Engineer: 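I have a structure I would like to understand better, so I am pasting it below and will then ask my questions one at a time.
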Amino acid sequence: MLAAVTSDRDGPTLARFTDDGTPLSPPARVRDPAEFHRVEAEHRPRWLFDSTAETYPLLLTAGARVRRSHDIALTERILLGRAGRFGEACRAPAVLARAAGTPVPDDPAVPDPVPASRPPDQPGLFDSEPARRRAPVTPDDLVTAYLDQQRRTADAACGPAATTAGIAVPGGALRLLIAAESGSALVAVEMTRRGLPWDAAIHQRILTDTLGPRPATGQRPARMAQLADDITSAFGFPVNPDSAIDLRDAFRRSGFDIETTRAWVLREIDHPAVGSVLQYKDLARLYTANGWNWLADWVSDGRLVSEYLPGGVVSGRWATRGGGGLQLPKSVRRAAVAQPGHVLVVADAAQLEPRVLAAVSGDAGLAAVSAGADLYDALAAGGFGGDRRHAKLAMLGAMYGQTTGEAARLMATLRVRYPAAVGYVEAAARRGEAGAVVRSVLGRACPPPSARWRRLVGESGSGGDESSGGDGDLGAATDGGGVPRDARPGVGGTERRARQAARDRGRFTRNFVIQASAADWAAVWLTVLRLSLLDVPGAELVFFQHDELIVHVPAEHADRVADLIVAAADTARELVFPGSEVQTPVRPVAVSCYADAK
DNA sequence: GCGGGGGGCGCC
DNA sequence: AAAGGGCGCCCCCCGC
């Protein structure tokens with residue numbers, strides 16, 4: 001059964017349909033919110049939402065947590081992305097109108113949710129921001145759109161396009177991705193509402209211990225002010241350590257010709273100011289990113305409230321809006337504390353990305369290595385002389401596209417021992433360099449190159465296979481897409497920029513096939529776990545970060561939750577990587593404080 | 001004065 | 001030892 005919910009300023013409207021769209025109950029205003037609860041309890045339908053983030057809160061407020069759903073907007077984004085049409089799916093009502101064959105009336109009084117400054121072919125963060133402009137969406141529109149998407153999903157799943165870098169997509173992969181994306185949207189709404197338990201007093205203690213007392217507005221905290229004075233004394237003239245330009249010029253005046261003031265550059269420099277500068281950077285980071293202002297803005301009633309946006313990243317990872325919920329530094333995790341009588345069950349997937357590589361590439365050797373608990377130990381034993389650090393460096397280099405230095409050398413070993421795995425990411429890189437698109441294991445497509453990229457790379461002609469050796473003399477001078485300092489005008493510069501752009505995209509697509517496939521797995525993990533947690537009293541998913549999650553639960557249910565987390569990970573592995581011997585182990589641990597989890 | 005872009009750094 | 005993928009956020013800087 002399908003239960004379609006729309007809402008406008010007069011409140012929600014609900015209608016029920018059979019799975020093939022035959023009306024069961026006509027659209028009716030929901031006067032009593034308990035109606036949602038009744039429908040869920042009696043029928044357990046698949047709920048259809050234009051946008052889960054907009055509509056599901058209405059149900060939650062009525063106390064109705066649903067089991068299954070379908071998010072039209074998120075699904076449309078996936079489907080359009082596969083057609084190379086990124087950035088079109090963000091306005092959910094337009095999606096519906098497209099499916100219904102009716103035009104969307106533009107309301108000029110309401111700003112377009114996509115900033116006009118973004119080039120139209122630039123796939124950036126398409127906002128999962130709720131569309132501000134309203135089309136007259138009805139439950140019938142929702143069902144029409146749903147059936148249309150079901151048909152397109154089925155078509156995609158059996159066509160020749162259903163392969164990723166030459167590997168057949170398992171049956172129903174795209175359907176699974178859409179279910180997981182919709183399930184993730186339910187999790188995100190619930191998580192956004194409850195927040196991560198956060199003890200403001202502990203956080204404040206961390207701040208005063210590290211920075212000194214909270215300063216008056218416009219003042220630096222005491223420790224930072226002292227370090228700033230130390231820096232000025234060390235140079236012998238006034239320097240503002242908040243200004244990278246000022247700092248760089250100060251080092252240049254002192255005889256150190258540095259390009260940037262990044263910490264790793266400064267660490268190589270023998271100058272009396274370096275120690276204070278590095279300490280200042282550390283403190284400034286805490287002060288500005290997670291200081292008193294952050295606490296006041298994002299923590300209330302003992303919860304850190306950040307808005308979670310599933311699918312907010314092109315790879316399918318989540319993003320956050322406000323609060324930086326996915327960037328909580330370890331230094332403040334001491335403040336994430338379970339409420340009395342509760343624990344935090346913290347679980348992360350160990351070495352997820354290399355395991356994903358083993359699974360998607362079908363590399364038998366790497367799959368064997370991935371069958372164990374510590375992948376890097378096994379990898380080290382099988383070709384790196386037992387050196388775990390080398391093994392890890394080589395693997396990261398392969399997945400991120402390192403082409404120089406130690407990691408590149410170590411990758412040679414990896415290539416010999418695990419040719420299918422290395423070949424897989426290198427094939428993805430070559431496709432990217434050629435302007436093609438790659439996909440995750442469940443079929444999420446990466447964005448096509450921009451028109452600017454195609455002009456730049458297309459016109460200068462590709463040089464075939466790039467030499468993977470170090471021709472770092474040219475590449476090193478360019479940074480962040482800027483023009484190299486010693487660039488000569490003319491054809492040579494264009495060719496160099498074109499090569500650079502091609503390589504950049506190659507690294508992107510190389511990483512995409514791993515990162516996006518890992519996100520596929522994690523979304524399934526999360527969705528399966530959410531369903532099983534509905535039966536555990538008081539269990540709340542309160543945090544999710546790429547390959548790690550936290551469940552807040554009464555202490556007596558901690559063991560049960562840990563088992564469910566492990567079971568969900570196993571289910572995700574079977575669904576996403578059927579037939580693979582690769583394991584995706586997770587390690588739940590019950591703690592009262594997040595900082596104790598590692 | 002505002003906003004976009006860049007530098008820098010935290011998370012994965 | 002060297003500086004690769006994806007983000008969000010803050011500050012500074014600079015151009016409008």
Side-chain angles (χ1 to χ4, degrees), chain A residues 115-118 124-125 220 240-248 258-268 277-278 280-291 293-294 297-298 306-309 311-333 348-353 357 389-390 393-411 425 428-429 432 438 446-447 468 470 472 475-476 479-482 503-516 518-519 522 543-549:
Chain A
S117 61
R118 180 184 301 147
L125 311 175
R220 285 188 172 113
N240 174 15
D242 285 325
S243 165
I245 291 178
D246 205 18
L247 201 53
R248 186 197 60 193
I258 54 174
E259 289 296 318
T260 83
T261 59
R262 289 191 178 92
W264 64 267
V265 171
L266 298 188
R267 251 178 236 119
E268 306 297 306
V277 169
L278 292 176
Y280 183 92
K281 281 171 181 279
D282 265 2
L283 298 191
R285 171 82 196 166
L286 175 64
Y287 176 56
T288 59
N290 298 99
N293 290 341
W294 179 87
D297 287 344
W298 304 109
S306 203
E307 186 181 358
Y308 298 94
L309 307 173
V313 178
V314 287
S315 64
R317 279 184 170 183
W318 289 23
T320 49
R321 180 162 42 213
L326 299 187
Q327 282 95 346
L328 290 177
K330 293 194 163 65
S331 58
V332 300
R333 291 184 184 180
D348 74 316
Q351 305 135 0
L352 180 59
E353 296 198 339
L357 172 57
R389 193 187 67 93
H390 278 186
L393 217 51
M395 183 56 79
L396 295 178
M399 294 189 299
Y400 290 162
Q402 181 123 338
T403 55
T404 60
E406 187 186 13
R409 280 201 310 283
L410 292 166
M411 255 177 67
V425 288
V438 296
C446 81
S468 65
D479 199 25
R503 274 200 296 262
D504 286 348
R505 182 168 167 81
R507 281 195 298 276
F508 168 64
T509 52
R510 169 196 294 264
N511 184 251
F512 184 94
V513 296
I514 308 296
Q515 186 184 118
F543 190 64
F544 170 65
Q545 184 182 41
H546 312 316
D547 61 359
E548 176 180 13
L549 55 81

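None of the values given here were measured: they were computed from a predicted structure. The sequence lines fix the lettering, A, B, ..., with proteins before strands; numbering per chain opens at 1.
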Engineer: Check every strand shown and say whether A:Asp282 touches a base, only sugar-phosphate, or nothing at a heavy-atom separation below 4.0 Å.
Structural biologist: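 Sugar-phosphate, backbone atoms only, no base.
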Engineer: Do A:Arg248 and A:Ile258 come close enough that some side-chain heavy atom pair is under 4.5 Å?
Structural biologist: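 They are in contact (side-chain heavy atoms under 4.5 Å apart), so the answer is yes.
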Engineer: Mind checking if A:Leu396 touches a base, just sugar-phosphate, or nothing, with heavy atoms under 4.0 Å?
Structural biologist: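 A:Leu396: base contact, heavy atoms under 4.0 Å.
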Engineer: Does the side chain of A:Lys281 get closer than 4.0 angstrom to OP1 or OP2 of C:dC11 through an N or O atom?
Structural biologist: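 The answer is no; no side-chain N or O of A:Lys281 sits under 4.0 Å from OP1 or OP2.
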Engineer: Taking CD from A:Gln327 and C1' from C:dC7, how many angstroms apart are they, rounded to a whole number?
Structural biologist: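 Going from CD in A:Gln327 over to C1' in C:dC7 covers 6 Å.
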Engineer: Are side-chain heavy atoms of A:Leu266 and A:Lys281 found at a separation under 4.5 Å?
Structural biologist: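 Yes - at least one pair of side-chain heavy atoms lies under 4.5 Å apart.
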Engineer: To the nearest Å, how far apart are A:Tyr280 OH and B:dC9 P?
Structural biologist: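 The distance from OH of A:Tyr280 to P of B:dC9 comes to 13 Å, rounded to the nearest Å.
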Engineer: Can you tell if the side chain of A:Leu309 reaches within under 4.5 Å of the side chain of A:Arg321, non-hydrogen atoms only?
Structural biologist: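 A:Leu309 vs A:Arg321: side chains touch.
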Engineer: For A:Gly325, which contact category applies under a 4.0 Å heavy-atom criterion: base, sugar-phosphate, or nothing?
Structural biologist: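 Answer is nothing: A:Gly325 stays at 4.0 Å or more from every strand.
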Engineer: Reckon A:Ser315 touches a base, only the sugar-phosphate, or nothing at all at heavy-atom distances under 4.0 Å?
Structural biologist: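 Result for A:Ser315 = nothing.
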Engineer: Considering every strand and a 4.0 Å limit on heavy-atom distances, what is the contact class for A:Gly397: base, sugar-phosphate, or nothing?
Structural biologist: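 Base contact - A:Gly397 has a heavy atom under 4.0 Å of at least one base atom.
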Engineer: Rounded to whole angstrom units, what separation is found between the CG atom of A:Leu283 and the P atom of C:dC11?
Structural biologist: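 Distance check: A:Leu283 CG to C:dC11 P gives 15 Å.
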Engineer: Hey, does A:Ser331 reach any base, or is it just sugar-phosphate, or nothing, if we go heavy atoms under 4.0 Å?
Structural biologist: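 Contact class for A:Ser331: none.
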Engineer: Record whether the side chain of A:Arg285 comes under 3.5 Å of the base of B:dC9 through a donor-acceptor pair of N or O atoms.
Structural biologist: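 Answer is yes: a donor-acceptor pair is held.
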Engineer: Report the nucleotide, chosen from B:dG7, B:dC11, C:dC13, that has the shortest atom-to-atom distance to any side-chain atom of A:Pro329.
Structural biologist: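 Nearest to the side-chain atoms of A:Pro329, counting from C-beta on, is B:dC11.
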Engineer: For the base of B:dC12, is there a side-chain donor-acceptor partner from A:Arg317 under 3.5 Å away?
Structural biologist: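 Per atom types, the contact qualifies.
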Engineer: Base, sugar-phosphate or nothing for A:Arg267? Non-hydrogen atoms, less than 4.0 Å.
Structural biologist: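 The answer is nothing, as A:Arg267 stays clear of every strand by at least 4.0 Å.
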Engineer: Got a salt bridge between A:Arg285 and A:Asp282, using NZ or NE/NH1/NH2 to carboxylate O under 4.0 Å?
Structural biologist: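 No salt bridge links A:Arg285 with A:Asp282.
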Engineer: Looking at A:Gln515 and B:dC12, is any side-chain donor or acceptor paired with a base atom of the opposite kind under 3.5 Å?
Structural biologist: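 In this structure, the two groups form no donor-acceptor pair.
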Engineer: I want to verify the glycosidic state of C:dG4; is it syn or anti under the 90° rule?
Structural biologist: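 Classified syn.
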Engineer: Answer with base, sugar-phosphate or nothing: what part of the nucleic acid does A:Ala263 contact at a heavy-atom distance below 4.0 Å?
Structural biologist: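 The answer is sugar-phosphate, as A:Ala263 gets under 4.0 Å only of primed atoms, P, OP1 or OP2.
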Engineer: My understanding is that a pair needs two contacts under 3.5 Å, Watson-Crick or G-U wobble. By that rule, which nucleotide pairs with C:dG4?
Structural biologist: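 With both distances under 3.5 Å required, C:dG4 matches none.
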